[in-house]
Amino acid sequence: MLRSPSERGRTLLAGLRNRNLTARVRQPVDELWDRYLGVHTFGHYPGSGGPGDREWYLHYIPSSYRDVFAVLDRGGVGPDDIVTDLGCGLGRVVFAASYRGAARVEGVDLIPSLVDSAKANLASSRLKHRDIRFHARNALDHHLGDTTFLYLFHPFGPEILGEVMEKARDDRRSAGIRRPLRIAYVNPVGESVLNEAGWLRPDGDMPPRREHFSSALHYRTAFWESTDV
Ligand SMILES: C[S@@+](CC[C@H](N)C(=O)[O-])C[C@H]1O[C@@H](n2cnc3c(N)ncnc32)[C@H](O)[C@@H]1O
């Protein structure tokens with residue numbers, strides 16, 4: 001049955017009223033992407049700790065889809081890639097990377113309720129038949145051996161970042177992986193850790209870009225490629 005524009009408007013408003021109304025109205029392109037993909041990735045979850053703490057875990061807030069796609073495209077993500085988002089929250093980057101055609105995408109987050117919602121997103125998504133996996137776990141416990149593209153949006157402080165990168169190198173060695181690992185680090189607060197890791201080569205960066213009709217925050221993104229193959 002055809003619905004009138006005013007009925008459609010009421011349905012849209014009812015949907016928006018449900019959650020995160022302000023962000024969804026002020027970031028309309030992201031709202032449209034969520035609707036197209038059949039997911040709900042707007043939200044906020046508080047972080048814990050702070051600069052100087054080993055356990056500095058950042059809050060959940062999604063990047064804008066425009067920025068996520070720009071990072072994935074700059075990183076050349078495509079059908080040969082296994083992408084991992086460490087600190088995936090509700091899964092926006094995971095769905096975007098799968099939409100761009102990555103062979104497999106994994107999302108990892110410390111907060112079980114975020115991962116439960118990410119899994120519910122997958123169940124309702126138009127991408128539900130793609131190879132997408134969510135894990136409720138600390139990034140430190142996630143095997144990164146076969147990941148070819150690692151996405152980080154400032155999820156934790158420099159100490160955990162250093163430990164995660166050491167583990168990534170060990171995972172790659174023990175799995176005998178010969179493919180390079182590319183890394184994109186949005187808001188790269190701990191970039192010196194990657195610059196000093198000794199097995200990663202800086203591969204340029206992307207400045208933050210203003211986005212019209214969006215209240216989303218934008219950050220610089222830095223890129224690296226492994227030299228251990
Ligand atoms: C800034 S949000 C990034 C959200 C998403 N990647 C994006 O770009 O839209 C950071 C996320 O990292 C998660 N996080 C923080 N510390 C973590 C850890 N040690 N292991 C896994 N996830 C972690 C937080 O729960 C939060 O959801």
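Counting starts at 1 for both ligands and their atoms, in listed order. Computed from a prediction, not measured in an experiment: that's the story for all the values here.
The hydrophobic cluster containing V77 also contains I132, counting ILVMFWY residues as joined when their side-chain heavy atoms lie under 4.5 angstrom apart, directly or transitively.
Between S98 and R130, the side chains place a donor N or O and an acceptor N or O closer than 3.5 Å (distance only, hydrogens not considered). In this model, a donor atom of one side chain and an acceptor atom of the other lie less than 3.5 Å apart for D34 and Y65.
What sits closest to atom 20 (N) of ligand 1 on the protein, heavy atoms only, is A139 N, 2.9 Å. Scanning all protein heavy atoms for the shortest distance to atom 8 (O) of ligand 1 gives S63 OG, 3.0 Å. Nearest protein neighbour of atom 24 (C) of ligand 1, counting heavy atoms only, is L58 O, 3.3 Å. In terms of protein heavy atoms, atom 14 (N) of ligand 1 is closest to P155 O, 3.9 Å. Protein heavy atom nearest atom 22 (N) of ligand 1, with residue, atom name and distance: L110 N, 3.2 Å. Closest protein heavy atom to atom 2 (S) of ligand 1: H59 O, 3.3 Å. Nearest non-hydrogen protein atom to atom 13 (C) of ligand 1 is D109 OD2, 3.3 Å.
Each of the atoms 9 (O) of ligand 1 lies under 4.0 Å from some heavy atom of P62. Residue-ligand proximity, I111 to ligand 1, at heavy-atom distances under 4.0 Å covers atoms 25 (O). Close contacts of ligand 1 with G87, meaning ligand atoms under 4.0 Å from a residue heavy atom, involve 3 (C), 4 (C), 5 (C), 6 (N), 11 (C), 12 (O), 13 (C), 22 (N). The contact set between ligand 1 and G89, taken as ligand atoms under 4.0 Å from a residue heavy atom, comprises 27 (O).
By the criterion of a heavy-atom distance under 4.0 Å, the side chain of L114, and not its backbone, is placed next to ligand 1. Residue-level proximity to ligand 1 for N138 is carried by backbone and side chain together, each with a heavy atom below 4.0 angstrom. In D85, the part holding a heavy atom less than 4.0 Å from any atom of ligand 1 is the side chain. If you look at V93 next to ligand 1, the close heavy atoms, those under 4.0 Å, all belong to the side chain. Contacts between F156 and ligand 1, counted as non-hydrogen atom pairs separated by less than 4.0 Å, involve the side chain only.
Sorted by first and then second residue, the side chain to side chain donor-acceptor pair (under 3.5 Å) pairs involving residues 108-121 (not counting sequence neighbours) form an empty list.
Under a 4.0 Å heavy-atom criterion, R137 is in contact with ligand 1.
How far CG of L217 is from CD of E211: 11.0 Å, rounded to the nearest 0.5 Å. Note that CD of E106 and NE2 of H143 are 9.5 Å apart. Values are rounded to the nearest 0.5 Å.
The side-chain tip of R182 does not point at the ring of F223 from less than 6.0 angstrom away and within 45° of straight on. With a 6.0 Å cutoff to the six-membered ring centre and a 45° limit on the axis angle, R92 counts as a cation-pi contact of F42.
No close placement of the F153 and Y185 rings is indicated, their centers lying 6.0 Å or farther apart. In this structure, F95 has its ring center under 6.0 Å from that of F134.
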